[in-house]
Colleague: 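Here's a structure for you.
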Amino acid sequence: MGKNDNKIFLYDEEDNEIELYVLEQTTLAGRNYLLAADSQDEDGVVMIMKEVKAEDDMVSYEFVEDDEELKIISGIFNELTDEFEVSL
């Protein structure tokens, strides 16, 4: 994976901060999606997240878990980047 300074921060159930590197982003049907990794190394875990609106209109992200949605979005990210391939 290439050098990337775009980061997002998430919190797990125990309120530990998790840093993810944003590799690519796209919009489909009015919803924003991120391709993110837990590291900038080639061995990093790559995941797809989607934007969701919180009650206070703040933006947050959650992992895409629906198989059909994941298949569609991973195909788009594969077309957008030559650096790596998103596989299910």
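Positions are given from 1, in the same order as the sequence printed here.
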Colleague: Go through the steps to decide whether Met47 and Leu20 satisfy the test side chain to side chain contact (heavy atoms under 4.5 Å, CB included), and finish with yes or no.
Modeller: CA-CA 9 Å; Met47 57 211 79; Leu20 297 176; 4.1 Å; yes

Colleague: A quick test of your reading: do over 12 heavy atoms of other residues, nucleotides or ligands sit less than 6.0 Å from CD of Glu69?
Modeller: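 Enclosed: over 12 neighbouring heavy atoms sit under 6.0 Å from CD of Glu69.
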
Colleague: Could you point out which residue of Ile48, Val64, Asn78, Asp66 forms a side chain to side chain contact (heavy atoms under 4.5 Å, CB included) with Ile73?
Modeller: Ile48

Colleague: Holding to side chain to side chain contact (heavy atoms under 4.5 Å, CB included), I want the full list of residues that pass it with Asp15, two or more places apart in sequence or in another chain.
Modeller: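 Asp15 satisfies side chain to side chain contact (heavy atoms under 4.5 Å, CB included) with Tyr11 once adjacent residues are dropped.
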
Colleague: Is there a path from Tyr21 to Phe9 through hydrophobic residues (I, L, V, M, F, W, Y) whose side chains come within less than 4.5 Å of each other?
Modeller: no

Colleague: Please walk me through it: do Ile8 and Leu34 pass side chain to side chain contact (heavy atoms under 4.5 Å, CB included)?
Modeller: CA-CA 10 Å; Ile8 59 172; Leu34 299 178; 3.9 Å; yes

Colleague: Does any N or O in the side chain of Asn32 come within less than 3.5 Å of the main-chain N or O of Glu51, such that one atom is a donor and the other an acceptor?
Modeller: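 It does not hold such a pair.
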
Colleague: What distance do Tyr33 atom OH and Leu80 atom CG have between them, rounded to the nearest 0.5 Å?
Modeller: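 Rounded to the nearest 0.5 Å, the OH-CG separation comes to 13.5 Å.
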
Colleague: So, the side chain of Asn16 versus the backbone of Asp12: is there a donor-acceptor pair under 3.5 Å, distance only?
Modeller: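 A pair under 3.5 Å: no.
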
Colleague: Distance check, rounded to the nearest 0.5 Å: Ile76 atom CD1 versus Leu28 atom CG?
Modeller: 4.5 Å

Colleague: Let me confirm one number: the CD-CZ distance from Glu24 to Phe77, rounded to the nearest 0.5 Å.
Modeller: 6.5 Å

Colleague: Out of curiosity, Ser60 OG to Lys50 NZ, how far, rounded to the nearest 0.5 Å?
Modeller: 11.0 Å

Colleague: Start with the C-alpha distance between Asp38 and Glu19, add both sets of side-chain angles, then the distance that settles side chain to side chain contact (heavy atoms under 4.5 Å, CB included), and finish with yes or no.
Modeller: CA-CA 7 Å; Asp38 64 351; Glu19 180 180 79; over 6 Å; no

Colleague: Checking Leu70 against Phe63 for the side chain to side chain contact (heavy atoms under 4.5 Å, CB included) test, could you report, in this order, the C-alpha distance in whole Å, the side-chain angles of both residues, the deciding distance, and whether it holds?
Modeller: CA-CA 10 Å; Leu70 195 57; Phe63 296 105; over 6 Å; no

Colleague: Please name the pair of heavy atoms, one in Ser39 and one in Gly44, separated by the smallest distance, quoted to 0.1 Å.
Modeller: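 Of all heavy-atom pairs spanning Ser39 and Gly44, the closest is OG-CA, 4.1 Å.
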
Colleague: Would you check if Leu10 and Met49 make a side-chain contact, meaning some heavy-atom pair closer than 4.5 Å?
Modeller: yes

